[in-house]
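What you are looking at is a predicted structure, and each value in this text was computed from that prediction instead of being measured.
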Amino acid sequence: YQLNIMNKVINTEEVTIAVIFSALGIIIPILFHLIGLGSVFLPMFLPLAAGAFLMSPGYALLAGSMTPLFSALLTGMPPFYPPVAFLMMIELGAFCFTISMLKRKTSLHNIAVLAIAVLIERGIMIALYYGIMPLFGINFGLFTAYALIKGLPGIILMFIIIPLFVPAASAVIEKKRLRLYELSDEE
């Protein structure tokens, strides 16, 4: 399922997966906010983390980086001021890239991959907040502590959902891939 445009090969299956999980990264936070759960459960992280296990590193980086921007433009969440949207573009891009790279290049279990990616993302978040938040007159220590504590329920939820979801989603994708292959052979 590759498309050749101007000597560039585009994997349409990966583009489809990236678009679906990016769209979920916009829709799920809206639903969480509608039922009063807000950002405590890191609703943008959930679909992007799941999708990153199914995408190549380049597509995972693209989906992780662009979803916060598109979400901010379409919904106002995350906000542009303070520059949370831009910081999340960096955080989620690195988070998704790390998941995809570790999944593809190591034999680590999905939980280990997720744990490493979360630690790297949280480290990047702290570094970004340290450099950026004081420029906006925001107390770095207080803001960072709040963000770290507030994100704990979402991190726990990721460790519950992702190990269950990823194998099931992989099986569905593989089944559909085989079915599409069979259909193309019949023609």
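Annotation: side chain of Ile124 is in contact with side chain of Ile90 (closest heavy-atom distance under 4.5 Å). Considering only heavy atoms from C-beta on, Arg122 comes within 4.5 Å of Leu148 through its side chain. Side-chain atoms of Phe86 and Ile132, non-hydrogen and from C-beta on, never get closer than 4.5 Å to each other. A 4.5 Å side-chain heavy-atom check between Phe80 and Leu69 finds at least one atom pair inside the cut-off. Counting heavy atoms from C-beta outward, Phe159 and Val118 have side chains that approach closer than 4.5 Å. In this structure, the side chains of Met125 and Leu87 stay at 4.5 Å or more apart for every pair of heavy atoms. Using a 4.5 Å heavy-atom threshold, the side chains of Met44 and Phe32 count as separate. Residues Leu114 and Phe95 form a side-chain contact, since some pair of their non-hydrogen atoms from C-beta on lies under 4.5 Å apart.
Residues Ile161 and Ile99 share a hydrophobic cluster, clusters being chains of Ile/Leu/Val/Met/Phe/Trp/Tyr side chains in contact below 4.5 Å. Both Leu92 and Ile155 are assigned to one and the same hydrophobic cluster, defined by single-linkage of ILVMFWY side chains at heavy-atom distances under 4.5 Å. Under a hydrophobic-cluster definition in which Ile, Leu, Val, Met, Phe, Trp and Tyr are linked whenever side-chain heavy atoms come within less than 4.5 Å, directly or via other members, Leu34 and Phe41 are assigned to different clusters. Met158 and Met101 fall into different hydrophobic clusters, where Ile, Leu, Val, Met, Phe, Trp and Tyr are joined by side-chain heavy atoms under 4.5 Å apart, directly or via other members. Leu48 and Ile120 fall within the same hydrophobic cluster, where Ile, Leu, Val, Met, Phe, Trp and Tyr residues are linked whenever their side-chain heavy atoms come under 4.5 Å apart, directly or through other members.
Taking each heavy atom of Ala85 and Pro68 in turn, the nearest pair found is O-CB, 3.9 Å. What you find for Phe21 and Pro47 is that their closest heavy atoms are CD2-O, 3.1 Å. When all heavy atoms are compared, the tightest approach of Arg104 to Phe53 is NH1-O, 4.2 Å. Considering every non-hydrogen atom in both Ser39 and His33, the closest pair reads N-CE1, 3.9 Å. Pro82 and Ile138 make their closest contact through CB-CD1, 3.6 Å (heavy atoms, listed as atom of the first residue, atom of the second, distance). Nearest heavy atoms, Ile162 versus Ala49: CD1-CB, 4.1 Å.
The structure places CG of Leu61 at 10.0 Å from CE of Met89, a figure rounded to the nearest 0.5 Å. Rounded to the nearest 0.5 angstrom, Leu73 CG and Met66 CE are separated by 8.5 Å. In this structure, the separation between NZ on Lys150 and OH on Tyr146 is 4.5 Å, given to the nearest 0.5 Å. Considering CG of Leu42 and CD1 of Ile28, their distance stands at 12.5 Å, rounded to 0.5 Å. The distance from the CD1 atom of Ile116 to the OG1 atom of Thr106 is 7.0 Å, given to the nearest 0.5 Å. Atoms CD and CE, on Glu13 and Met55 in that order, are 11.5 Å from each other to the nearest 0.5 Å.
By the 6.0 Å contact criterion, CZ on Phe140 is enclosed, its count of non-hydrogen atoms from other residues, nucleotides or ligands being greater than 12.
Each side-chain hydrogen bond (donor to acceptor under 3.5 Å, both in side chains) pair with one or both residues in residues 15-26, not counting sequence neighbours, appears once here: Ser22-Thr67.
Between Phe136 and Tyr81, the ring centre distance stays below 6.0 Å.
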Worked verdict on Ile30 versus Met77 for side chain to side chain contact (heavy atoms under 4.5 Å, CB included)
CA-CA 9 Å; Ile30 292 169; Met77 302 178 301; 4.1 Å; yes
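Judged purely by atom type and a 3.5 angstrom limit, Glu14 uses its side chain to pair as donor or acceptor with the backbone of Ser56. Between the side chain of Ser71 and the backbone N or O of Ile26 there is no donor-acceptor pair closer than 3.5 Å.
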